[in-house]
Amino acid sequence: MPRRLESRDRPLSGTAQRRRPGQPNPAPEPESAATDPSPQNPVPVARGTAARRNRSLKLSEQPQTRPTGVRRRGAASTPVSSTSPAGTSSVPSSSVPSSSVRSSPVRSSSGGISPDRSAAVAGGNQRPLRRAGGALGIGGRARAGRSGADHPLTDRRTNAALRTYDLQVKESFDRIVPLLKQLSALQHEDDFVERAQQLASACFGFTLPLPILERAWVSQLDMRTLFAWCVFETYEQTSASFFQDDPLGGKPGGAAAEAFDAFLLECGFHLLDVTPCADGRLAHAIAYALRLPFSSVRRRPHAGGLFDVENTVNRWVKTEHRRYREGLPNPAQADTRYLKVVLYHFSSLDPSHEGCAAHGSDDALAASCGLARLRDFQTAVENSFCCGASVDLLLLGLDTDTDAIRVHVPGLDGSTNLERWLDARDVHAATAQLPEAEGRRRILTLVEQAAASTPDPGMVRLIARLLENNLSQIDYVRAYHDGHYSDDGHAERFIGVGIGFKEIHLRNLTYFAYMDTVEEGAPDLDVGIKIFSGLNVSRGLPVPVVARFDYHGQVPGARERAVKHAQRVQAAIQGRYPELVQQGLLHTLLTIRDQDRHVPAEAVGSTISFATAGGH
């Protein structure tokens, strides 16, 4: 079939301006080069890259009557009045401390930019405070707010609902060991099977496998298999409840998802793709720490936040193709961008031991590697596609002890400063005494001040929303965990392997090992096995692994291929850890899910099997 040539009334928009740190935007062509519009020589409509370049030039040409991200060394420190770009609000100059933004910012005790430092800056030569021993500790930080009360922007009702859901799910897993201990004491009683089933039904809501119970009088109760069985059954219950009851209120098409999707487009982004570290202490990052509807975010956890560049480029292609063919979530001609985010993590209480295992608990290394991977992705898109194709990047950090985020606010030119960030705890302290409206305006200004260079107004709005959301999570941890989690280390209940797990949004519930094959995901899986060797194997309990592969139900044969895929991964896992398998210290549940529907995962196999009675 000959290729169809089609004229378009509107050209495709560049997916984002090609932004390179330290490279100014190209100067516009002189007016003398312009020609009069005519059918033979039409004036091009500025869209995509050109539109964003023009907007950047307009911002740079405006009088600098407000802080725009970085104050140079030696710059005057007199207060300045504030005006706001489109989509932001003005802030009185008296509420913006002039000493809070510097090229080398003064660090707070949390390592971030302190918005309320009032120390005088003589000629801009004040030396930045160094972090003691390189640690990002919070020693001596007083709880901001009205005598320990919640922040004015904290959503108390949502905090209570999230706490209820967290307790409900985790307690269902944590009841397993106590009940098994109780069964161990009863296993030689005459009515053991009946009593065991009654206890299990009352405690879990499901019964136990009869073959294991009925053999208890012959030999010891097989606690390892029974433990894995209970974990898998509890996971299936959790998955079913998540999709049926929508406990987080973030299902596709729901009010929260629709509102955030609209807001994201207003900020200039048509998709938010987040890669947190696979560490279970970040499993709740989307729904809790950032308070975002889970269906509005594309989440792909990887150890150390080091996502696969080629796979991410393929997902970008699918996203842009859908915009081109279906106009979803907006038409391809619209001037919006694909936003890729990496969320690394660190520990403020024990930075040398409880940071990211993939980076040796070195938070600086975690941040730099995350940024390098983001830039590799951006370069791959720009080098592989035409028409100004690019993506926007954002680097976030999460303190796994307090759930406070830090944001490396990027500039409009694409620059990101690894040594400069805005800490949500400092934002909390700076706005705790302000009314809601004034607090939101202050957050916008703090984001602008923290930027690596002149920021994009849409990015400022989005980051301000993330910081505001995180204030609620900071108060959540303060209210329910006395300021920091008691399980500051790992406490995951099972390992999730494969692609999917849309329903897992609780801290320290699951260690993720995102992979298509065990060979390519071996580093992630090895880290998970190492973690569970300390959590479970050291106590004689098996490592429970849930393998999960989602599929498109409308594609013929997709379900069968997903089942076979899961079976291949199960065989590869058993081949990689044969000693654990032989000792009964590793069990796997195979699950699949139709991602085109809002339905629970479906169990299709397991390493737990029971021999059936038969003849000779």
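For the numbers below, each heavy atom of this structure counts, side chains included, while hydrogens, waters and symmetry mates do not.
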Visitor: Do Asp155 and Arg291 meet the salt-bridge criterion of a basic N to acidic O distance under 4.0 Å?
Guide: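 Salt bridge flag = no for Asp155 with Arg291.
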Visitor: Return yes if a side-chain donor-acceptor contact under 3.5 Å exists between His284 and Asp403, otherwise no.
Guide: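 Looking only at side-chain atoms, Asp403 and His284 do form a donor-acceptor pair, the distance falling under 3.5 Å.
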Visitor: Does a donor on one side chain and an acceptor on the other come within less than 3.5 Å for Arg315 and Thr312?
Guide: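 Note: Arg315 and Thr312 side chains meet the donor-acceptor criterion.
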Visitor: Whether the His428 and Asp475 side chains hold a donor-acceptor pair (N or O, under 3.5 Å, no angle test) is what I'd like checked.
Guide: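 Looking only at side-chain atoms, Asp475 and His428 do form a donor-acceptor pair, the distance falling under 3.5 Å.
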Visitor: Check whether any side-chain heavy atom of Leu467 lies under 4.5 Å from a side-chain heavy atom of Ile405, and answer yes or no.
Guide: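 A side-chain contact exists here, since the closest heavy-atom pair is under 4.5 Å.
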Visitor: Does Ile495 reach the side chain of Leu525, with side-chain heavy atoms less than 4.5 Å apart?
Guide: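 Yes - at least one pair of side-chain heavy atoms lies under 4.5 Å apart.
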Visitor: Is there a donor-acceptor contact under 3.5 Å from the side chain of His408 to the main chain of Arg420?
Guide: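 Answer holds: yes.
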Visitor: Donor-acceptor check, side chain of Arg373 to backbone of Phe307, threshold 3.5 angstrom: yes or no?
Guide: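 Present.
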Visitor: Quick one: side-chain contact (heavy atoms from CB on, under 4.5 Å) partners of Ala566, sequence neighbours excluded?
Guide: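 Listed in chain order: Phe549, Leu590.
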Visitor: Using atom types as modelled and distance alone, determine if a side-chain donor or acceptor of Arg299 lies under 3.5 Å from a backbone N or O of Phe501.
Guide: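 Judged by distance alone, yes, a pair lies under 3.5 Å.
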Visitor: Check this for me: does any side-chain nitrogen of one of Arg281 and Glu354 sit under 4.0 Å from a carboxylate oxygen of the other?
Guide: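 Here Arg281 pairs with Glu354 in a salt bridge, since their nearest N and O are under 4.0 Å apart.
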Visitor: Answer yes or no for Arg507 and Tyr288: cation-pi contact, defined as NZ/CZ to six-membered ring centre under 6.0 Å and angle to ring axis within 45°.
Guide: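 Geometry flag: not set, cation outside 6.0 Å or 45°.
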Visitor: Would you check if the side chain of Ser295 reaches a backbone N or O of Gly250 as a donor-acceptor pair within less than 3.5 Å?
Guide: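 Present.
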Visitor: Taking atom types as modelled, find out whether Lys340 and Thr275 have a side-chain donor-acceptor pair closer than 3.5 angstrom.
Guide: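 A pair is found: one side chain offers a donor N or O, the other an acceptor, under 3.5 Å apart.
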Visitor: Look at the side chain of Ser368 and the backbone N and O of Leu365, then say whether any donor-acceptor pair between them is shorter than 3.5 Å.
Guide: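 Pair found, side chain donor or acceptor close to backbone of Leu365.
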Visitor: I'd like to know if Asp456 pairs up with Arg337 as an ion pair, taking the criterion as any Lys NZ or Arg NE/NH1/NH2 lying under 4.0 Å from an Asp or Glu carboxylate oxygen.
Guide: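 Yes, charged N to carboxylate O under 4.0 Å.
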Visitor: Can you sort out the partners of Leu580 under side-chain contact (heavy atoms from CB on, under 4.5 Å), two or more places apart, ordered by chain and number?
Guide: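 By the side-chain contact (heavy atoms from CB on, under 4.5 Å) rule, Leu580 matches Ile529, Val537, Tyr577, Leu585, Leu586.
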Visitor: Using side-chain contact (heavy atoms from CB on, under 4.5 Å) as the criterion, list what pairs up with Glu468, not counting sequence neighbours.
Guide: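 With sequence neighbours excluded, Glu468 shows a side-chain contact (heavy atoms from CB on, under 4.5 Å) to Leu153, Arg440, Ile443, given in chain and number order.
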Visitor: Are the side chain of Glu492 and the backbone of Gly280 linked by a donor-acceptor contact shorter than 3.5 Å?
Guide: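 Yes, Glu492 side chain to Gly280 backbone: donor-acceptor pair under 3.5 Å.
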Visitor: Any heavy-atom pair between the side chains of His505 and Tyr165 that's under 4.5 Å?
Guide: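 When only atoms from C-beta onward are counted, His505 and Tyr165 do not touch, as no gap falls below 4.5 Å.
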Visitor: Between the side chains of Asp261 and Ser296, is a donor N or O closer than 3.5 angstrom to an acceptor N or O?
Guide: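 Indeed, the side chains of Asp261 and Ser296 share at least one donor-acceptor pair under 3.5 Å.
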Visitor: Does Arg300 pair with Asp308 as a salt bridge, N-O distance under 4.0 Å?
Guide: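 Salt bridge absent between Arg300 and Asp308.
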Visitor: Got a sec, which residues hit side-chain contact (heavy atoms from CB on, under 4.5 Å) with Gln574, two or more places apart in sequence or on another chain?
Guide: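 side-chain contact (heavy atoms from CB on, under 4.5 Å) list for Gln574, sorted by chain: Gln570, Val581, Thr607.
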Visitor: Give a yes-or-no answer on whether the side chains of Arg298 and Tyr338 include a donor-acceptor pair shorter than 3.5 Å.
Guide: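 Result is yes, a qualifying pair exists.
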Visitor: To the nearest 0.5 Å, tell me how far Thr431 OG1 sits from Leu446 CG.
Guide: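 It is 7.5 Å, given to the nearest 0.5 Å.
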Visitor: Between Arg406 and Asp423, is there a side-chain N and carboxylate O pair less than 4.0 Å apart?
Guide: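 Not counted as a salt bridge, because no side-chain N and carboxylate O are separated by less than 4.0 Å.
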Visitor: Could you pull out the closest heavy-atom pair between Val274 and Val297, with the gap in Å?
Guide: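 Closest pair (atom of Val274, atom of Val297, distance): CG2-CG1, 3.6 Å.
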Visitor: Report yes or no: does Asp392 contribute a side-chain atom to a donor-acceptor pair with the main-chain N or O of Leu339 at less than 3.5 Å?
Guide: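 Answer holds: no.
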Visitor: Check salt bridge (Lys or Arg N to Asp or Glu O under 4.0 Å) between Glu236 and all other residues, then give those that pass, not counting sequence neighbours.
Guide: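 Result, salt bridge (Lys or Arg N to Asp or Glu O under 4.0 Å) vs Glu236: none returned.
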Visitor: Between Tyr485 and Asn508, is there a side-chain heavy-atom distance shorter than 4.5 Å?
Guide: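 A side-chain contact is absent here, since even the closest heavy-atom pair is not under 4.5 Å.
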Visitor: Is any side-chain N of the basic residue among Asp526 and Arg576 closer than 4.0 Å to the acidic one's carboxylate O?
Guide: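 A salt bridge is present here (some side-chain N lies under 4.0 Å from a carboxylate O).
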Visitor: With sequence neighbours excluded, give me every ring-ring contact (aromatic ring centres under 6.0 Å, His included) pair touching residues 514-547.
Guide: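 For residues 514-547: His302-Tyr514.
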